[in-house]
Amino acid sequence: MERLQKFLAKAGVSSRRQAENLIRDGRVKVNGRVVREIGSKIDPRRDKVTLDNWEITAAEKKVYIMLNKPPRVITSLRDPAGRLKVTDLLKGVEERVYPVGRLDYLTEGLLLLTNDGELAYRLSHPSYEVDKTYIAVVRGNVGEKALGKLRGGIWLEDGPTRPALVKRLAGGKGWTKLEITIHEGKNRQVRRMCEAVGHPVLSLKRVRYGPLYLGDLASGAYRHLKPGELRALQTACRFN
């Protein structure tokens with residue numbers, strides 16, 4: 001027997017945390033019956049599991065992709081407004097994959113997509129402390145006081161952020177370029193941190209996720225991870 005949310009994650013439907021939301025929303029059925037209880041167990045060999053009436057089977061081939069997400073592309077897999085989705089950029093990828101975490105609509109840069117639910121869960125969960133580095137161009141000239149606040153942690157409406165690594169890279173008339181490294185995943189965290197110290201973000205790009213660097217991958221382009229990159233990523237989140 002296996003927990004339903006773990007089965008969904010292993011099948012490449014979503015991360016384990018997202019699978020719990022799918023179950024709560026009543027979108028998952030087992031043998032034709034809606035199951036809303038987190039922790040329900042199934043027999044993958046005998047039970048028929050569907051999501052939105054589509055049958056789910058265990059993923060056969062694990063896929064790991066790095067995408068340079070352009071701005072004005074969404075990371076959700078569904079959008080009633082019909083906007084361009086990150087999965088629309090994956091021409092030639094036959095396996096169903098989903099993003100690891102999110103980048104908001106205007107943020108660009110390194111996004112991982114996979115059908116490995118357990119790895120996605122570990123990469124997304126703050127307890128594994130996988131660093132993510134962003135280059136932010138913000139409004140105004142950022143002084144030492146604001147830098148100190150960012151480094152020490154900012155109190156946001158959903159709680160405090162943990163201390164961040166922040167470097168001032170460059171600046172000009174009315175703008176500053178910062179390098180910000182965090183290992184949390186609060187919604188729009190870097191943007192809200194900068195707004196909280198009085199320096200709204202003008203542009204934001206993720207350039208590193210754990211041991212992986214975006215490098216010179218073109219905007220909108222993607223590539224499969226190399227074996228060594230995958231091993232380094234697994235090591236970073238203690239995945240055996």
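Remember, predicted model here, so these are calculated numbers, not experimental data.
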Check for me, please, whether [X] and [Y] land in the same ILVMFWY cluster - side-chain distances under 4.5 Å, paths through other members count.
X	Y	value
Ile182	Val197	yes
Ile65	Leu212	no
Val63	Leu89	yes
Val97	Leu230	no
Tyr134	Val207	no

Would the distance check show the side chain of [X] and the main-chain N or O of [Y] forming a donor-acceptor pair, the cut-off being under 3.5 Å?
X	Y	result
Arg36	Arg24	yes
Thr161	Ile154	yes
Thr107	Leu103	no
Arg192	Asn187	yes
Tyr222	Lys91	yes
Tyr209	Leu123	yes
Lys167	Leu178	no
Lys69	Val73	yes

Taking all atoms of both residues into account, what is the closest heavy-atom pair of [X] and [Y], and its distance?
X	Y	result
Leu106	Pro71	O-CB, 3.4 Å
Arg102	Ser76	NH1-OG, 2.8 Å
Gly152	Pro163	O-CG, 3.9 Å
Leu150	Cys194	CD2-N, 4.3 Å
Arg122	Cys237	NH1-O, 3.2 Å
Ala146	Val142	CB-CG1, 3.9 Å

Ion pair [X]/[Y], N-O distance below 4.0 Å:
X	Y	value
Arg33	Asp47	no
Glu20	Arg3	no
Arg162	Glu129	yes
Arg191	Asp104	yes

How about [X]: does its [atom1] atom have over 12 heavy atoms from other parts shown lying under 6.0 Å from it?
X	atom1	value
Glu157	CD	yes
Asp52	CG	yes
Lys85	NZ	yes
Lys186	NZ	yes

If we only count heavy atoms from C-beta on, is the [X] to [Y] side-chain gap below 4.5 Å?
X	Y	value
Pro200	Val138	no
Val49	Phe7	yes
Thr176	His199	no
Asp116	Tyr64	yes
Met66	Leu110	yes
Ile135	Leu204	no
Leu112	Pro99	no
Leu214	Lys205	yes

Nearest-0.5 Å distance, [atom1] of residue [X] to [atom2] of residue [Y]:
X	Y	atom1	atom2	value
Arg188	Leu156	CZ	CG	11.0 Å
Gln189	His183	CD	NE2	9.0 Å
Asn68	Ser219	CG	OG	5.0 Å
Lys177	Glu179	NZ	CD	10.5 Å
Arg206	Glu108	CZ	CD	12.0 Å
Ser127	Arg238	OG	CZ	6.5 Å

Pair Val130, Lys132 - check side chain to side chain contact (heavy atoms under 4.5 Å, CB included), show working. CA-CA 7 Å; Val130 180; Lys132 291 159 281 191; 5.6 Å; no

Go through Leu113 and Leu67 one step at a time and tell me if the side chain to side chain contact (heavy atoms under 4.5 Å, CB included) criterion holds. CA-CA 8 Å; Leu113 299 102; Leu67 169 74; 3.8 Å; yes

Excluding sequence neighbours, so at least two apart, what forms ring-ring contact (aromatic ring centres under 6.0 Å, His included) with His125? Tyr121

Check step by step if side chain to side chain contact (heavy atoms under 4.5 Å, CB included) holds for Thr75 and Val86. CA-CA 5 Å; Thr75 54; Val86 290; 4.1 Å; yes

Would Arg83 and Tyr105 count as a cation-pi pair here, with the cationic atom under 6.0 angstrom from the ring centre and within 45° of the axis? yes

Would you please test Val30 and Leu4 for side chain to side chain contact (heavy atoms under 4.5 Å, CB included) and show each step? CA-CA 9 Å; Val30 177; Leu4 181 55; 4.1 Å; yes

